[in-house]
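Working notes for the structure below.
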Amino acid sequence: MILFKTAADLGRHLVKLASGGGSIGFVPTMGALHQGHLSLVAASKKENAATVCSIFVNPTQFNDPKDFEKYPVTIEKDIELLEKAGVDMLFLPSIAEMYPQGTASLPVYPLGYLEAILEGKYRPGHFQGVCQVMDRLLTHVKADNLYMGQKDYQQCMVVRLLIGYRQYKTRFHACPTLRESDGLAMSSRNQRLNAAERQQAVAISRALSAIKSDIGPGSTQPLLTRAEEFLRNNGFKVDYVALCSAGSLQPVTSWNGQEPLVALAAAYLNEVRLIDNMLIP
Ligand code: AMP
């Protein structure tokens, strides 16, 4: 694995590779890697001649500065995991490399409805930050294929929108959520949970599984109310539990029994905010 700290060095290497004609797969991350990240690497390796991974904890997507400060950093272990997984290139830029003009006057992206709801509503500015960093990363990496996790369902929709808006040639692939054996979605933030919180955390996937198994045609509100209560009883402070159209993320208040849905939840266990979602059916 070759490690690049500057976009210029990475770019020169990618130009050399491009002359060989093979496709480039790209897996952007914020580090503190787990098997979920590595499943994206595996998907990329299967479908591309070379795989680029990036680790960059992007300050502009953290609406809460405390969350940014406490974001887990395990860079040495990450490098080891990526080498073992067979990643070809690791892009490890500094904040100054990514934002040479600073972060004060970055572009604003027309995300419309997508940034007014769910994560957009509860984390103001978050998806603008995601676009700011993804726009730069896609410019630097010029990937044929981009692999991101369905775990961040709304983020997948935002990045698809960005790719269209900026007319990148990159093809977007949403990969399934990897879970711990009890069902908890793998997440870098799980590292911040203490033992008791880790036990409670599984309630978030249980709440979504219950929605998925209990849903039938008709009003969705009773299911959402029950899920919120279940989370509160398990020590969570709930931002939202929602049932939305899987394609548009518009809320579905009454289900026709046919339309593909996604159940989404975001909630705090003390200081740690967890999100998860499940597709229905
Ligand atoms: P992050 O480092 O949290 O920014 O995540 C980097 C990428 O890994 C994003 O595309 C995430 O959606 C994806 N990801 C995070 N957790 C999981 C998981 N449990 N399963 C699959 N992909 C994941």
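In listed order, ligands and their atoms are each counted from 1.
Between M30 and ligand 1, at least one N/O pair is under 3.5 Å apart. For ligand 1, the polar-atom distance check against L40 finds no nitrogen or oxygen pair separated by under 3.5 Å. Ligand 1 has no N or O atom lying under 3.5 Å from any N or O atom of A185, backbone or side chain. Checking only distances, Y147 never comes within under 3.5 Å of ligand 1, N or O to N or O. Close N/O approach between S187 and ligand 1 is not found [any backbone or side-chain N/O within under 3.5 Å]. Geometrically, ligand 1 and C175 share no nitrogen or oxygen pair separated by less than 3.5 Å.
Here the heavy atom of the protein found nearest to atom 1 (P) of ligand 1 is H37 NE2, 3.6 Å. The nearest protein atom to atom 3 (O) of ligand 1, hydrogens excluded, is given as Y71 OH, 3.7 Å; this is a heavy-atom distance. The nearest heavy-atom contact from the protein to atom 11 (C) of ligand 1 is D152 OD2, 3.1 Å. The protein non-hydrogen atom at the shortest distance from atom 21 (C) of ligand 1 is P176 O, 3.4 Å.
When T29, V27, L178 are checked for heavy-atom proximity to atom 20 (N) of ligand 1, L178 turns out nearest. Nearest residue to atom 9 (C) of ligand 1 from G36, A32, P72, G149 is G149 (criterion: closest heavy atom).
Only backbone heavy atoms of P28 (N, CA, C or O) come within less than 4.0 Å of ligand 1; its side chain stays farther off. The backbone and the side chain of M186 each have at least one atom closer than 4.0 Å to an atom of ligand 1 (non-hydrogen atoms only).
F62 and F68 have tilted rings, their planes meeting at an angle from 30° to 60° on a 0 to 90° scale. Ring planes of H173 and Y147: parallel class, angle under 30° (limits at 30 and 60°).
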Step by step, would you call R273 with D67 a salt bridge (charged side-chain N to carboxylate O under 4.0 Å, His left out)?
CA-CA 9 Å; R273 187 172 183 276; D67 190 25; over 6 Å; no
Just do the salt bridge (charged side-chain N to carboxylate O under 4.0 Å, His left out) check on D182 and R198 with the steps written out, would you?
CA-CA 11 Å; D182 62 355; R198 171 61 189 84; 3.0 Å; yes
Can you list the steps and then say if E47 with N145 is a side-chain hydrogen bond (donor to acceptor under 3.5 Å, both in side chains)?
CA-CA 9 Å; E47 295 166 1; N145 294 296; 5.5 Å; no
Checking salt bridge (charged side-chain N to carboxylate O under 4.0 Å, His left out) for the pair R179/D276: CA distance, chi angles, key distance, verdict?
CA-CA 10 Å; R179 296 178 180 280; D276 196 358; 2.9 Å; yes
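Atom CD of E271 has 12 or fewer neighbouring heavy atoms from other residues, nucleotides or ligands inside a 6.0 Å radius. Open room surrounds CD on E76; 12 or fewer heavy atoms of other groups in view lie less than 6.0 Å from it. Within 6.0 Å of CD on E259 lie more than 12 heavy atoms contributed by other residues, nucleotides or ligands.
A heavy-atom separation below 4.0 Å is found between H34 and ligand 1. The shell of residues lying under 4.0 angstrom from ligand 1, judged by heavy atoms, excludes Y153.
In this structure the side chain of S54 never reaches within 4.5 angstrom of the side chain of V141, judged on heavy atoms.
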